[in-house]
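Let me begin by presenting the structure, written as structure tokens, before commenting on it.
The first residue in the sequence is number 1, and the count goes up from there. Every number for a ligand or one of its atoms is a count from 1 in the order of the listing.
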Amino acid sequence: MESFKNTALTVIGGVGYDSLSEDGAARSEIKTPYGTVSVSAFSKDGSDIVFISRHQGKQHVPPHKINFLALVDAARQIGAPVLSVNSVGLMRSVPLTGNFETKDRLKDKPAVSPENFLDFPFFVPTDFVDLTKNRISTFHDEDTVHVDMTDPYCVYIRSLLYGILKDRSVSYSEGVYLCTEGPRFETKAEIQMFAHYADVVGMTGIPEVVLAKEAGLCYASFCTITNPATSLSGNMVTADEVTAAVEKNQKTVFEIIFALASVLSDCRNHPDQNKCHKNCRCQNAVVGGKL
Ligand SMILES: CSC[C@H]1O[C@H](OP(=O)(O)O)[C@H](O)[C@@H]1O
């Protein structure tokens, strides 16, 4: 296996992110017990990043057929923290974090809503609801392991993300991600029900986060809100709308990814590890969970 030992960050990228690593990236394949995964490795300002395309490039594997076991096993072999990039539909208004002094209309209760989501497209999941139906969501089919899900998304990586967003004055919302099986979009009745339990809806976050936790990886997700969920605007929901919104925000997402890789790279090399205090429990998520 090619050595990925200096990798600061692995990115699992969704729709519209294949160009993250196009220029001068070294392409290779990682063999896993679940299948072979194509990855590309590149350096950005001295930080090594490995990119895994969730839909595996031009063939575009649809959400319900993604080989999550292979993708996450590849990330485990790389061994670096993982940032997953996902697109989502917004199901309800969510409070925003950011500086709104110049945005008069948001002064009282700043929130992202189906009306203004284009201005505030970034969302960080803190928890999830799993409504997938037909996916293998554990590495432990033969033995029995019950993984802890108290903090599904790594608190350490999220704290770094929040710092980077704040430094760059990028407003964001955070909350609960709900995953459907897809590939169809949701019905009106489903969105009315789901919005009681979650803020955004997507098709690709699960079981990625669960498998990453089983693998002991530090894993967080950075979502782009691409559309109001079904029936929350007068429009139909289309894949074209999703890709257009991703493309519009891609530059900012790339900047956040590069900044995160840089912080993680500095932390790896810093003699004073207190500077980068890793306050998460990701590596211990299966401790006490084996029967
Ligand atoms: C392009 S329409 C819906 C499709 O896009 C999202 O994928 P990803 O999160 O990998 O960008 C969504 O969850 C669906 O899979």
Side-chain angles (χ1 to χ4, degrees), residues 10-21 37-40 51-72 74-75 82-91 117-118 121-125 128-135 137 152-153 161 172-187 190-191 194 198-212 219-233 235-254 256-257:
T10 298
V11 177
I12 304 181
V15 169
Y17 284 94
D18 287 355
S19 61
L20 176 67
S21 61
V37 177
S38 305
V39 304
S40 43
F51 176 71
I52 303 178
S53 165
R54 178 179 297 119
H55 301 276
Q56 290 284 285
K58 290 208 172 65
Q59 69 206 77
H60 197 93
V61 181
H64 62 295
K65 290 200 159 164
I66 293 171
N67 186 346
F68 287 103
L69 289 163
L71 299 187
V72 177
V82 178
L83 185 70
S84 170
V85 179
N86 310 84
S87 48
V88 291
L90 182 67
M91 297 198 287
F117 76 96
L118 287 172
F122 300 116
F123 181 89
V124 180
F128 70 76
V129 173
D130 177 5
L131 290 183
T132 62
K133 296 178 199 160
N134 199 19
R135 303 182 185 191
S137 59
Y153 300 94
L161 262 183
Y172 64 92
S173 53
E174 57 178 338
V176 181
Y177 173 105
L178 182 144
C179 195
T180 63
E181 184 66 18
R184 68 169 175 83
F185 288 111
E186 300 69 39
T187 66
E190 284 171 335
I191 293 299
F194 298 167
D199 302 298
V200 298
V201 57
M203 302 177 196
T204 55
I206 314 291
E208 212 177 80
V209 55
V210 179
L211 296 169
Y219 171 105
S221 157
F222 189 58
C223 297
T224 303
I225 299 171
T226 54
N227 57 286
T230 307
S231 81
L232 299 186
S233 72
N235 305 328
M236 286 164 45
V237 183
T238 66
D240 286 348
E241 171 187 25
V242 172
T243 45
V246 168
E247 268 166 33
K248 182 169 168 260
N249 294 297
Q250 198 186 49
K251 189 167 166 280
T252 309
V253 177
F254 283 8
I256 304 299
I257 289 170

At a 4.0 Å threshold, what atoms of ligand 1 neighbour a non-hydrogen atom of [X]?
X: Thr204; value: 7 (O), 8 (P), 9 (O), 10 (O), 13 (O), 15 (O)
X: His55; value: 7 (O), 8 (P), 10 (O)
X: Asn86; value: 9 (O)

For the pair Asn86 and Ser221, evaluate side chain to side chain donor-acceptor pair (under 3.5 Å) and give the outcome as yes or no after the intermediate values.
-> CA-CA 7 Å; Asn86 310 84; Ser221 157; 2.9 Å; yes
Before signing off on this row, confirm whether Thr243 and ligand 1 have an N or O atom pair separated by under 3.5 Å.
-> no
Residue and atom name of the nearest protein heavy atom (relative to [atom]), distance in Å to one decimal:
atom: atom 6 (C) of ligand 1; answer: Ser87 OG, 3.0 Å
atom: atom 13 (O) of ligand 1; answer: Met203 N, 2.8 Å
atom: atom 15 (O) of ligand 1; answer: Pro63 CG, 3.2 Å
atom: atom 4 (C) of ligand 1; answer: Val15 CG2, 4.3 Å

Using modelled atom types and a 3.5 Å cut-off, is there a donor and acceptor pairing between side-chain atoms of [X] and backbone atoms of [Y]?
X: Arg54; Y: Val61; value: no
X: Asn227; Y: Val242; value: no
X: Gln56; Y: Ser38; value: yes

Describe, in one word, how the ring planes of Phe222 and Phe122 are oriented to each other, choosing from parallel (under 30°), tilted (30 to 60°) and perpendicular (over 60°).
-> parallel
Side chain to side chain donor-acceptor pair (under 3.5 Å) evaluation trace for Thr132 with Asn134 = CA-CA 6 Å; Thr132 62; Asn134 199 19; over 6 Å; no
